[in-house]
There are 4 protein chains.
Amino acid sequence: MKTKDRIIHGALTLFNENGERSVTTNHIAAHLEISPGNLYYHFRNKEEIISGIFDNYAKELKTRFQPMAEDQQSNMPSVQVMLSYLDSIFELMWNYRFFYANLPDILSRDDALKLKYTKAQQALNENLIAIMHSFRDSGLIDLEDDELQALTKTLHLVASCWINYQTALLSDNEITEAVIYQGMLQMLNVVRPMATEQGRKQILELEEHYKGRL
Amino acid sequence: MKTKDRIIHGALTLFNENGERSVTTNHIAAHLEISPGNLYYHFRNKEEIISGIFDNYAKELKTRFQPMAEDQQSNMPSVQVMLSYLDSIFELMWNYRFFYANLPDILSRDDALKLKYTKAQQALNENLIAIMHSFRDSGLIDLEDDELQALTKTLHLVASCWINYQTALLSDNEITEAVIYQGMLQMLNVVRPMATEQGRKQILELEEHYKGRL
Amino acid sequence: MKTKDRIIHGALTLFNENGERSVTTNHIAAHLEISPGNLYYHFRNKEEIISGIFDNYAKELKTRFQPMAEDQQSNMPSVQVMLSYLDSIFELMWNYRFFYANLPDILSRDDALKLKYTKAQQALNENLIAIMHSFRDSGLIDLEDDELQALTKTLHLVASCWINYQTALLSDNEITEAVIYQGMLQMLNVVRPMATEQGRKQILELEEHYKGRL
Amino acid sequence: MKTKDRIIHGALTLFNENGERSVTTNHIAAHLEISPGNLYYHFRNKEEIISGIFDNYAKELKTRFQPMAEDQQSNMPSVQVMLSYLDSIFELMWNYRFFYANLPDILSRDDALKLKYTKAQQALNENLIAIMHSFRDSGLIDLEDDELQALTKTLHLVASCWINYQTALLSDNEITEAVIYQGMLQMLNVVRPMATEQGRKQILELEEHYKGRL
DNA sequence: AATGAATGAGTTTTCATTCAT
DNA sequence: CATGAATGAAAACTCATTCAT
């Protein structure tokens, strides 16, 4: 792995463990056993490292939430499709949890990043709506167009804010994988009232899947 | 107003405007036209100021969300009750928005605060559940106990994260009162699938109320 | 002496001895036995210290080169007047020699300072012209108005550039007081061709005065 | 052009534009689209680059200011000789202006350069004196030996400091060719008081020449 | 000749906090 | 209660220079 990538990965690890605020560029350098000068050879400043991390995140976001082509979809049982999306959300939330936990702070200090973030989220939103449409077409959920928009928004909000929200309710600061799994369950709770009979069965399956991991 | 309170209010103002991270204790002192020494006479450290702000927040939280006594309730039309709760939630979120924007960060640096915060949120959660129960008893919503828990959680999450969620997506000058009203509408969207015929009517009334303000 | 003034004086001393470039803010703090934080309590940055030094310089410049009122002048023998002006030039050049030695560099990094400098020099130029007029009126020099302007400009240039120019010709880097005295003599050389018989006598006296100090 | 020469020329350009202090060796390499390693293959350090620039300067200085052989001189009208010298001086000053702007600083960091510089200036001084002698012999100026020395020094000083003197007083965009011509005129002003009747005529011619270019 | 990643000591600056008055 | 000067550890960042390839 190239140094530039090692920095991005090392920084991500430390940020997730200790929070972006308390991780200095010197910490990152020491953690990777490189000199601070070398770090600044690859990145002009700390912002640029965060921005680099975000680019990776955005790339994953894009590929994971591209709605599948219809023919592929019909071949795959719907529960598998839902599972794959939920797992994607889980992994992103877990792998970039420092980002989810400090979003307003991080974005307020970097206008360019804020712009990138907004664009990525708009693209994501469109994809999510398409995905919901396909769930409706498959008879998993049953709702009007405006209700579908509202549901998507709620799901997006739960996904983006879950970690932030949960930190409030936990007695220690540690965000563990179990916390994220609870988020998946909460998202299923949000969808359940709109589910068809068939959809409800599948949601039950998924719930069993995640409850097993708590 | 005593100096101690002036500090708490001044700090809150600056934190909300610029974020806790970039507001120094010297900024606060300068803003209030007092000396840093004086500030530290009233508060041992910055944490204690934040903690003081939190105490105010917790007090408001408690008084606003005590479920009303049954007799009062019966005298007040339910739509009014919901309206008052929604207004309360968003007013609090707006007045203490810096807090939500930096929660994991702030709590990770102050274990005592963390504990207070958790307790306050648990109390709030219980109140919210009681409120939801009374709504069910009034025949506004119709759901099982576990669904009620899930709904409450979603509502709490939407309420506490709405401003953060939107500030991440919008630019500073786009954060207006209208954003708050959209948050109210989003909460109504969350409730609607569980509403009874009667509840649905009231939700419609509230929607008209808020749409008129956009 | 207040700390703020101690910093200005200490910095000036170190700048004169070692050049502005190689004197760091930490050097200055260490030299005064104060903490770097304290230095930055009084000055936002290094530029501001230099600016503070310049303000002192400009104040001296102004008071020393205000042309004397006519009646005062007539009471004082002309040679004394000339001597007092030359000594003023000498002292300024000596006390602020780091400034004279690095002018383009220092001004290029601080637009505000550059503006202050330009204004100070314009005021100085007017004073110098007035002084030259009074010398002509006293019959010490004899020249047309445009020649007087040219002479003033040459004298100003010699004064401002002498140290810079001399560094070139000396085999060691040390600017000593003798170097400055040679500058005084050079200025007299510039004036001499325009001197009247009476003026020439006085210039000779002054030359003796400065040659004795070499 | 060899890489070594490209470095010298590129560095000179950047130094003149931005000042030696703020131009890093990496800037120079980037500007030339070579690697920093390659730059250090050709030069041991930054000082050596500056030294290389100086060598070019010294070479030009030498060839331009060798007093012409007598027979050549008699063939060329004196006004032409003066014109050619004036042009040479200011061209050099302009092409190597960074050097004059930072002289004390640059020389203080490199003893070897300091020595070279001093020798070059002494040689120049002797040449200038020889040139002045020939002007006196041609009956253009009339003065004693010591006055001639003083005049030479003043001329040298005006020539070498003019650009610095003006950059301190003017803003960047005001430093144009016109400023250079004003410097030429200022030098003529310095010589005029010593000029013979015949010399005065020629000075007038030159003045017309430069005033036409303002 | 040339590359470009890497070094590390050094520089400016920040800021929560203390302390003498 | 209040002042405001002072602290000092630590943060971000720089840059001349080296070195393996």
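Chain A is the first sequence line, chain B the second, and so forth, proteins listed ahead of strands; every chain is numbered from 1.
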**Asked** Who passes side-chain contact (heavy atoms from CB on, under 4.5 Å) against D:S35, sequence neighbours left out?
**Response**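 D:S35 satisfies side-chain contact (heavy atoms from CB on, under 4.5 Å) with D:N38 once adjacent residues are dropped.
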**Under the side-chain contact (heavy atoms from CB on, under 4.5 Å) test, residues paired with D:I175 that sit two or more places apart** =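 side-chain contact (heavy atoms from CB on, under 4.5 Å) list for D:I175, sorted by chain: D:W94, D:Q166, D:T167, D:L170.
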**Message:** If the condition is side-chain hydrogen bond (donor to acceptor under 3.5 Å, both in side chains), which residues does C:K114 pass it with, not counting sequence neighbours?
**Reply:** none
**Request:** Sequence neighbours left out, what passes ring pair (Phe, Tyr, Trp, His ring centres under 6.0 Å) with D:F54? Give chain and number order.
**Result:** D:Y57, D:F99, D:Y117
Quick one: [X] [atom1] to [N] [atom2], roughly how many Å, whole number?
{"X": "A:I50", "N": "F:dA12", "atom1": "CD1", "atom2": "P", "value": "10 Å"}
{"X": "B:L32", "N": "F:dA2", "atom1": "CG", "atom2": "P", "value": "12 Å"}
{"X": "C:E33", "N": "F:dT7", "atom1": "CD", "atom2": "C1'", "value": "15 Å"}
{"X": "D:I28", "N": "F:dC15", "atom1": "CD1", "atom2": "C1'", "value": "12 Å"}
{"X": "D:L14", "N": "F:dA16", "atom1": "CG", "atom2": "P", "value": "12 Å"}

Tell me every residue that passes salt bridge (Lys or Arg N to Asp or Glu O under 4.0 Å) with [X], counting only those two or more places apart in sequence or in another chain.
{"X": "C:D105", "value": "C:R109, D:R21"}
{"X": "D:R97", "value": "none"}
{"X": "C:K4", "value": "none"}

**Item:** Phosphate OP1/OP2 of F:dA6: any C:H42 side-chain N/O under 4.0 Å
**Value:** yes
**Request:** Establish, with yes or no, whether the OP1 or OP2 oxygen of E:dG4 is under 4.0 angstrom from a side-chain nitrogen or oxygen of D:S35.
**Result:** no
**Item:** Any pair counted as side chain to side chain donor-acceptor pair (under 3.5 Å), so long as it reaches residues 5-17 of chain C, sequence neighbours left out
**Value:** none
**Request:** Quick one: stems involving DNA chain F, counted as three or more successive Watson-Crick or G-U pairs, both distances short of 3.5 Å.
**Result:**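 E:2-21 with F:2-21 - these are the stems of 3 or more pairs that involve DNA chain F.
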**Asked** Considering only the P atoms, how many Å lie between E:dA1 and F:dT21, rounded to the nearest integer?
**Response** 23 Å
**Complete:** In B/S/- notation (B base, S sugar-phosphate only, - none; protein heavy atoms under 4.0 Å), nucleotides 14-21 of chain E written 5' to 3' is BBBBBB--
**Item:** Contact residues, residues 1-11 of chain C to DNA chain F [heavy atom, < 4.0 Å]
**Value:**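 Residues of residues 1-11 of chain C that come under 4.0 Å of DNA chain F are, in numerical order, C:T3.
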**Asked** Is the closest side-chain heavy-atom distance between D:I7 and D:I34 below 4.5 Å?
**Response**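 Counting from C-beta outward, D:I7 and D:I34 do come under 4.5 Å.
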**Prompt:** So do C:N102 and C:F15 actually touch side chain to side chain, heavy atoms under 4.5 Å?
**Reply:**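 No. Closest side-chain heavy atoms not under 4.5 Å.
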Pairs under 3.5 angstrom only: tabulate donor-acceptor contacts from the side chains of residues 25-33 of chain B to other protein residues two or more places apart or in another chain.
{"unit_1": "B:H27", "atom_1": "ND1", "unit_2": "B:T24", "atom_2": "N", "d": "3.2"}
{"unit_1": "B:H27", "atom_1": "ND1", "unit_2": "B:T24", "atom_2": "OG1", "d": "3.4"}

